[in-house]
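Before any comments, here is the structure.
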Amino acid sequence: MFLENRLERLVETLSKNGAIPLRLKLWNGRSFELAPNPPVTVTIPKASALRYFLRPDLNRLGEAYVEGYIQVDGPVHAVFRAAESFARVAASTVARGPKRFFRHGKLRDRKAIEHHYDVSNAFYRLFLDANMVYSCAYYRSENDSLEAAQEQKLDHILRKLMVKPGDRLLDIGCGWGALVIRAAKKYGATATGVTLSRQQYEFVRQRIADEGLEDRCEVRLQDYRDVPEEGEFDKISSIGMFEHVGVKNLHAYFDRVRQLLKDGGLVLNHGITAAESDSRWVGMGAGQFIHRYVFPHGELPHISLVMREMSDAGLEATDVESLRRHYARTCHEWATRIDANRDAAIAAAGEKRFRIWQIYLAGCAHGFAHGWMNIYQVLACKQGAPRFNVLPFTRDYMYRD
């Protein structure tokens, strides 16, 4: 009864601060509507679950949902908006995530990658495009499908890197191989992808064989730190990987990239960044939820830190592009697709895993749309002699079909 009374007082306070599109239904039949005809209903089956609502943030609310302590009904994007509004209005101040760093090493990083990516290829296929691209798409128009936008993203990267026949391309964290296969098949490059995920490795190896590209394309189950070909790659890409590196290891990461790059070569780093220079977490508890359930040991550097560490490692940033709005749309599409494939997703990965990814993807869509985090493509070359920068004077070359 004590917790229920506290909730009632909280609801009264929330009602004075504007409508929240949410209905709370308690185990005893009581119901609180925080807006007229709310699209989202949260059922609290036991009094003990009220603790998640009395000092709410997105981590606590997410935990209650993922662990099955509450039942939630409503469209996935409306669910996240309701949770965000409830947490934001209920909190007098928004607590920042703790400023802690994670220790990184080859074994720890491999385990983190396995946790996130080795769910099942069938699971990811339910919400990704046909090429299994698990990174921000590139929309040229409002009418672009996810499939078209992902192919446009691959081409956008390969054009920025000026990939041409005979180039050796290294893709660090190659995912399910779409970039290396397109580089070999469409641009004539000799492409190598490295991943720490065995399921991705097996998938890419089979896809390369199916495409008949064994002579120009390969995938390795290998840590980027163990790639032996120093100074042998004309072009290097790293797409959605450096979030796993750790803020304290950025210099070593970019230094290793420079060592692998030829003089006159180009590198493109594509990754999520923090919105604020002094934060490595997404706010309102979302960062803690992601660390616990989605990306163990992941950290987001601010773009200013990325630029500094690249420069200190001997890489000259030549072009920087934000794709934040593109990622908001990408994640929105992923969340919509996984929600539409609920039964198949549960069959492939289990109820809990489905709930994690469902709310995570909807949260990412909301977060990118509202500037909680950003994503940048940074094109760079080696610092030093003038011959190291081979780029044209203008960016026109990036947009020629």
Side-chain angles (χ1 to χ4, degrees), residues 98-117 135 157 161 168-175 179 192-197 200 220-274 277-281 287 290-291 295-318 320 373-384 388:
K99 288 190 176 181
R100 54 176 167 167
F101 296 90
F102 297 111
R103 297 180 62 185
H104 288 261
K106 293 178 182 178
L107 178 60
R108 184 181 291 256
D109 288 348
R110 178 171 62 81
K111 292 294 185 183
I113 294 298
E114 289 172 350
H115 173 84
H116 187 83
Y117 294 102
S135 54
I157 290 168
L161 286 168
R168 286 199 68 186
L169 168 72
L170 172 66
D171 188 25
I172 299 174
C174 67
L179 186 69
T192 299
V194 296
T195 179
L196 295 178
S197 165
Q200 288 182 341
R220 303 175 187 171
L221 191 63
Q222 186 177 51
D223 193 292
Y224 75 95
R225 287 163 285 200
D226 296 329
V227 175
E229 297 101 321
E230 292 193 4
E232 296 187 22
F233 292 100
D234 301 282
K235 311 291 164 62
I236 297 177
S237 55
S238 177
I239 314 302
M241 178 272 174
F242 91 139
E243 300 91 331
H244 299 284
V245 167
V247 169
K248 284 194 170 183
N249 299 315
L250 284 176
H251 180 86
Y253 164 72
F254 286 123
D255 187 59
R256 185 57 185 160
V257 169
R258 186 186 189 280
Q259 292 168 10
L260 295 168
L261 193 65
K262 282 184 178 179
D263 293 348
L266 297 172
V267 57
L268 186 140
N269 190 85
H270 167 125
I272 303 171
T273 61
S277 59
D278 62 347
S279 176
R280 298 172 187 88
W281 295 78
I290 292 170
H291 164 65
F295 277 114
H297 312 132
E299 296 176 81
L300 302 183
H302 190 262
I303 184 61
S304 60
L305 180 61
V306 176
M307 302 288 285
R308 188 184 76 193
E309 295 292 2
M310 290 184 83
S311 178
D312 289 349
L315 294 170
E316 176 190 356
T318 59
V320 181
M373 57 276 198
N374 210 317
I375 183 167
Y376 286 92
Q377 288 185 350
V378 182
L379 183 67
C381 63
K382 283 188 175 182
Q383 294 175 353
F388 291 170

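Here the closest non-hydrogen pair linking L170 and L260 is CD2-CD1, 3.8 Å. Taking all atoms of both residues into account, the shortest heavy-atom contact from D171 to I239 is OD1-CG1, 4.1 Å. Here the shortest heavy-atom pairing between H270 and S135 reads NE2-CB, 4.3 Å.
Side-chain contact between K262 and R168: absent, with no pair of heavy atoms (C-beta onward) separated by less than 4.5 Å. Within the 4.5 Å cutoff, the side chain of V257 has no heavy atoms near those of the Y224 side chain. The shortest side-chain heavy-atom distance between Q222 and P228 falls under the 4.5 Å cut-off. Using a 4.5 Å heavy-atom threshold, the side chains of H244 and F295 count as touching. A 4.5 Å side-chain heavy-atom check between V378 and I303 finds at least one atom pair inside the cut-off. Between Q383 and S311 there is a side-chain heavy-atom pair separated by less than 4.5 Å.
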Set out, in order, the CA-CA distance, both residues' side-chain angles and the distance that settles side-chain contact (heavy atoms from CB on, under 4.5 Å) for V320 and M307, then state yes or no.
CA-CA 9 Å; V320 181; M307 302 288 285; 3.7 Å; yes
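Side chain to side chain, T273 and N374 fail the donor-acceptor criterion of an N or O pair below 3.5 Å.
Atom CZ in R258 sits 7.5 Å away from atom CG in D263 (nearest 0.5 Å). Interatomic distance, M373 CE to I375 CD1, rounded to the nearest 0.5 Å: 9.5 Å. Atom CZ of residue F233 and atom CD1 of residue I172 lie 8.5 Å apart, to the nearest 0.5 angstrom. The structure places CG of L161 at 9.0 Å from CD of Q377, a figure rounded to the nearest 0.5 Å. For the atom pair CE (M310) and CZ (F242), the distance works out to 9.0 Å, reported to the nearest 0.5 Å. Summarising the geometry, atom CD1 belonging to I157 is positioned 13.5 Å from atom NZ belonging to K235; distances are rounded to the nearest 0.5 Å.
Of the possible donor and acceptor atoms, one in the side chain of N249 sits under 3.5 Å from a partner among the backbone N and O of V245. Formation of a donor-acceptor pair under 3.5 Å by the T318 side chain with backbone atoms of L379 is found in this model. Judged by distance alone, with hydrogens and angles left aside, the side-chain atoms of S238 form no donor-acceptor pair with the main-chain N or O of M241 at under 3.5 Å. Distance alone, capped at 3.5 Å, is enough to place a donor-acceptor pair between the R256 side chain and the V227 backbone. Although no hydrogens or angles enter the test, the distance criterion places no donor-acceptor pair under 3.5 Å between the side chain of E243 and the main chain of G271.
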